[in-house]
Amino acid sequence: MEKFPKDFIWGTATSSYQIEGGAALDGKGPSIWDAFSSIPGKIFEGGTGDVACDHYHKFKEDVQLMKNMGVKAYRFSIAWARVMPTGKDTVNEKGIQFYSDLIDELLKADITPWVTLYHWDLPLALQLEDDGWLGTAIVDHFAAYANLCFERFGDRVKNWITLNEPWVVAILGYGQGVFAPGRTSNSEPYLAAHHLILAHAKAVNLYRENYSYQAGQIGITNNCDWREPLTDSQQDKAAAERALEFFLAWFADPIYKGDYPAVMKERLGERLPNFSAAEKEMMLGTSDFFGLNHYTTMYAAHDDGTGKNQNVYGNGGISEDQAVDLSLDKNWKLTNMNWAVVPWGCKKLLAWIDERYGQPEIIITENGCAYVDELVDGEVDDQERLDFYKGYLQACQQAISEGIKLKGFFAWSFMDNFEWASGYSKRFGLHYVDFETLERTPKKSALWFKDAIAQNSADV
Ligand code: PNW
């Protein structure tokens, strides 16, 4: 049986808006997701995060469930508006207390906290007063918020993730408008992304300058699918490479190489902002690990203008800008998100990152799948999810055996939750949540995951 390295980090992940509830409790301010989900038609069946999994009240039970699984690490996010109701200046001590208690509970259970500072729930006041990620003020506001978190939690939290998936914020929030703040544009995504990267860099610099005594690590999490050339033609190979550059290198190149990919500059012209020399210097090297959220794979072909697959959800950027036509293999199995299950794509993506960025330590901070789960006699037989994890974790094992420095894997998600625009219609959890009673039940995949952790192997 092949084993993972001894210190491999096995974890599960969640995010604040998706699980906490308590949207207006104990002084929490509204976020753009509270506002967005209140607009008719934006969320499937009008779902909101008002209650979600009520993790705000049930966190002790949740930590216990994690402990039962034997997970070594738990990735969660802090709701900025819970600790700073308007995003700046005023601190909400009750919000601080909630996260402080959660962190203590995790440490008591021997589970290492991995804390994401921003998983999309921007304080609404910052959207209204400062144009959210389109304005320049956000960079300093984010750094001040990060500073508060380092100051209050950094004695116990040693693993920080500044941003979750800036690509989603930019493309789905400011390009396609399907996520908060719901804007549609073909230039705003590039501006929002620019400020996201600068905010990340500023927070990391601040952490390193002022909190080195805390001896923690800090990085960013980007999401990327794999793009496989549809044919062996030079054109399709170039299209696949271009698609990956517009998806992942857009955010990773500034951090690992100091600037945007050349192909983006060429194709976008004035819509792509420039970094000053000082900004380049500030950004370079601002991730101690390469955080990666990976879910699926698509074929990429050169688009001569007749492409039929434009603007598919999750297309990796604004299609017209890339001249890439995306498609699926009809033999691939699809999850309930219509995302194809292609474990070898995961391995190829890890190898691409390894090569392009000089063998960074990679952490898969999310991987998982949605299926139509049913609770029957107190059990959920989600064999498809079990197979999914087995396949992807075996691909991870292979990557490690080929020398790729993959250090950890966080399953998305610890439990079923509010799946953004899909509301409660998509279940990604290892634990089933009954959204009427809020009762949690470990699924079959959770029991498998527990065995895999215990044996430190995917071959179980
Ligand atoms: C990620 N796409 O979102 C998020 O980090 C999670 O909050 C979310 O629940 C999970 O994946 C499942 O969706 C994504 O369109 C949303 O490519 C959309 C895309 C990718 C990731």
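None of these values were measured; they are calculated from a predicted model. Just so you know, ligand 1 is whichever comes first in the structure, and atom 1 is the first atom listed for that ligand.
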> Please work out which of Y295, W167, W120 has its closest non-hydrogen atom nearest to atom 11 (O) of ligand 1.
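Shortest heavy-atom distance from atom 11 (O) of ligand 1: Y295.
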> Between L172 and ligand 1, which residue portion shows a heavy-atom distance shorter than 4.0 Å: side chain, backbone, both, or neither?
side chain
> Just to be sure I read this right, does ligand 1 sit under 4.0 Å from the backbone of Y17, its side chain, both, or neither, counting only heavy atoms?
neither
> Could you tell me if D62 and Y74 have a donor-acceptor pair between their side chains, going purely by distance under 3.5 Å?
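Their side chains do not contain a donor-acceptor pair, so the 3.5 Å distance test is not met.
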> Does an N or O anywhere in E366 fall below 3.5 Å from an N or O of ligand 1?
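There is such a contact, yes.
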> So, is W412 polar-close to ligand 1, with some N/O to N/O distance under 3.5 Å?
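Yes, there is a polar N/O contact under 3.5 Å.
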> Does K426 have a non-hydrogen atom less than 4.0 Å from ligand 1?
no
> For the pair W448 (side chain) and Q383 (backbone), establish whether a donor and an acceptor sit closer than 3.5 Å, ignoring hydrogens and angles.
no
> State which residues pass salt bridge (Lys or Arg N to Asp or Glu O under 4.0 Å) with D416; sequence neighbours excluded, sorted by chain then number.
R427, K443
> Are the side chains of E20 and F98 in contact, using a 4.5 Å heavy-atom criterion?
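Yes, side chains in contact.
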> Using a 4.0 Å heavy-atom cut-off, say whether F247 meets ligand 1 through its side chain, its backbone, both or neither.
neither
> Judging by distance only, is a nitrogen or oxygen of Q18 under 3.5 angstrom from one on ligand 1?
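Q18 vs ligand 1: N/O contact under 3.5 Å present.
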> Report the relative orientation of the aromatic rings in W10 and F4; use parallel for angles under 30°, tilted for 30 to 60°, perpendicular for over 60°.
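Perpendicular: the ring planes of W10 and F4 meet at over 60°.
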> Whether R82 engages the ring of Y56 as a cation-pi pair (distance to the six-membered ring centre under 6.0 angstrom, angle to the ring normal within 45°) should be assessed.
yes
